[in-house]
Amino acid sequence: MTIIDKFMRQHSLTEDEYLELLQHWQDGDVVKRLSEEAVKLRKQHYGDKVFTRGLIEFTNYCRNNCYYCGIRRDNRNIGRYRLDCGEILECCRDGYALGYRTFVLQGGEDPYYTDSRMAEIIREIKKNFPDCAVTLSIGEKSYESYKLFREAGADRYLLRHETADDSLYSSLHPDEMKLETRRQCLYDLKKLGYQVGAGFMVGPPGQKLEHLAKDLVFLQELHPQMVGIGPFIPHHDTVYADKEAGSVELTLFLLSVVRIMLPKVMLPATTALGTMDPVGREKGLNAGANVVMPNLSPVKNRKMYELYDNKICTGEEAAECRGCLGMRVEAAGYRLVEERGDALE
Ligand code: 5AD
Ligand code: FES
């Protein structure tokens, strides 16, 4: 029995076996088999639905200095901005009218938003839009902070683990950041009843297939409800300005593997994928993804939230993301739905 058959049958493998599986990422027949299985599983659980999350990038201040990220603390070449509670609610109002039923508050780790300010924002959104889910993506916090946000009404939390390999993690981040902290945060979030999203970049400097095999084992253990996977893309004001971007094909391969491993997972076709390939998000859907996350941030701020170069949906066309994605998703044979889109388990 080949490793492919074994994976198709068991939906789970050991680290060594995942490595063997990953070594087939450029083999057209394997790619096809996996993507067909991934699409079949997604159809079984979610039909032809594609879920949307309205992304509100509410602050680009960040106390962290991750080597890959365009809004890292040391980048003095970008204008910094913060949205106040009223502006955030305005984004939600626009989003609600466009059919969004999940709002993702994403930002750098910005101490201006104290726990009580954050809780207040969450409560306001839940009060005004009780039928919507609130997702937070604001980095590493204490158990107590996560608890407070949960009690204020937050439903979900996105915190990519970035890589499950200690030494790769250390090479991508300054000394003060530790993989162990990240892991602990993810387990804390699970314990508090959040729907949790982990994830990683494909192709940051130094990443090998061995590292990705570890990511897959980590996801298998954590069993998150969401997994964000996108190609690494260099940003001109970072340490990795001259590095090569990650592969679209390998990203698609991993999306299929993750869909098969966690059949009910919420899997976004990421903006980074759409940045690397004009139809990257459509390809993501055809590899097993079932979520898109259009930008709802005020158009005037979008250019300032460039985690990587050439990020799409930051120009004048940006007000139209909902319409644009609706057409794209339909042209690809799917249906963009007006639902909260909770994971099935
Ligand atoms: N290229 C691609 N993705 C990036 N992220 C941060 N910087 C980059 C980059 N240069 C991703 C990280 C982070 C998420 C919000 O964006 O994985 O968790
Ligand atoms: Fe933003 Fe197409 S999705 S312009």
Side-chain angles (χ1 to χ4, degrees), residues 53 55-75 77-78 104-110 135-141 156-165 168-169 171-174 177 179 181-183 185-186 189 196-207 211-212 215 218-219 222 224 226-248 250-251 254-255 258 267-277 280-281 284 291 293-295 297 302 304-314:
R53 280 80 169 88
L55 185 64
I56 304 171
E57 298 154 335
F58 70 99
T59 172
N60 71 347
Y61 283 84
C62 193
R63 67 187 176 96
N64 284 335
N65 219 3
C66 307
Y67 300 141
Y68 45 82
C69 182
I71 66 168
R72 61 202 303 266
R73 180 180 72 220
D74 282 355
N75 186 3
N77 298 328
I78 52 168
V104 181
L105 295 178
Q106 185 173 86
E109 291 195 15
D110 179 358
T135 304
L136 301 178
S137 178
I138 54 175
E140 297 176 354
K141 308 270 174 187
R156 309 184 187 135
Y157 206 104
L158 306 180
L159 181 66
R160 290 190 180 177
H161 64 282
E162 310 298 356
T163 169
D165 180 83
L168 182 60
Y169 193 95
S171 85
L172 297 173
H173 301 96
M177 290 179 73
L179 175 58
T181 314
R182 197 52 67 112
R183 268 185 215 277
C185 286
L186 285 162
L189 289 162
V196 171
F200 54 88
M201 289 179 289
V202 177
Q207 187 189 59
H211 299 127
L212 291 167
D215 288 318
F218 175 68
L219 291 175
L222 178 70
M226 303 164 284
V227 177
I229 303 175
F232 159 76
I233 304 173
H235 183 286
H236 60 280
D237 280 323
T238 62
V239 183
Y240 297 149
D242 300 321
K243 301 291 182 187
E244 232 180 274
S247 153
V248 168
L250 181 53
T251 304
L254 284 155
L255 286 172
V258 170
L267 206 54
T270 55
T271 305
L273 198 51
T275 297
M276 286 294 294
D277 182 322
R281 288 170 297 181
V291 173
M293 299 177 65
N295 204 318
S297 313
R302 288 192 196 180
M304 287 185 267
Y305 204 87
E306 263 191 331
L307 306 183
Y308 45 80
D309 287 340
N310 305 315
K311 185 177 161 202
I312 52 169
C313 304
T314 60

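All ligand and atom numbering here is 1-based and tracks the order in the structure. Side chains are part of it too, since the values below use all heavy atoms of this structure and drop only hydrogens, waters and symmetry mates.
The protein non-hydrogen atom at the shortest distance from atom 16 (O) of ligand 1 is L307 CD1, 3.5 Å. For atom 7 (N) of ligand 1, the nearest protein heavy atom (residue, atom name, distance) is Y68 CD1, 3.3 Å. For atom 4 (C) of ligand 1, the closest non-hydrogen atom on the protein side is M201 SD, 3.4 Å.
Residue contacts with ligand 1 do not include G70, since none of its heavy atoms lies under 4.0 Å from the ligand. Remark: distances from the non-hydrogen atoms of H235 to ligand 1 are all 4.0 Å or more.
Per-residue contacts place R160 under 4.0 angstrom from the following atoms of ligand 1 (heavy atoms of the residue considered): 11 (C), 12 (C), 17 (O), 18 (O). Each of the atoms 12 (C), 13 (C), 17 (O), 18 (O) of ligand 1 lies under 4.0 Å from some heavy atom of E162.
Taking distance alone, with nitrogen or oxygen atoms compared against 3.5 Å, Q106 stays at or beyond that limit from ligand 1. Of the N or O atoms in I233, one or more lie within a sub-3.5 Å distance of an N or O in ligand 1. Residue contacts with ligand 1: Y308 is placed with no nitrogen or oxygen under 3.5 Å of a nitrogen or oxygen of the ligand (distance criterion only).
Under the 3.5 Å distance criterion, the side-chain polar atoms of R182 are matched with a main-chain donor or acceptor of R160. Of the possible donor and acceptor atoms, one in the side chain of K311 sits under 3.5 Å from a partner among the backbone N and O of Y305. Without hydrogens or angle criteria, R281 side chain to L273 main chain gives no donor-acceptor distance under 3.5 Å.
A side-chain contact (heavy atoms from CB on, under 4.5 Å) with C62 is found for exactly one of E109, R72, R73, namely E109. Among D74, N75, T238, the one residue that satisfies the side-chain hydrogen bond (donor to acceptor under 3.5 Å, both in side chains) test with N65 is D74.
Between the CG atom in L189 and the OH atom in Y157 there is a gap of 6.5 Å [rounded to 0.5 Å].
Within the 6.0 Å centre-distance limit, the rings of Y68 and H173 are counted as a close aromatic pair. The ring of Y240 has its center no closer than 6.0 angstrom to the ring center of H235.
Across P231, G230, A272, heavy-atom proximity to atom 2 (C) of ligand 1 is greatest for P231.
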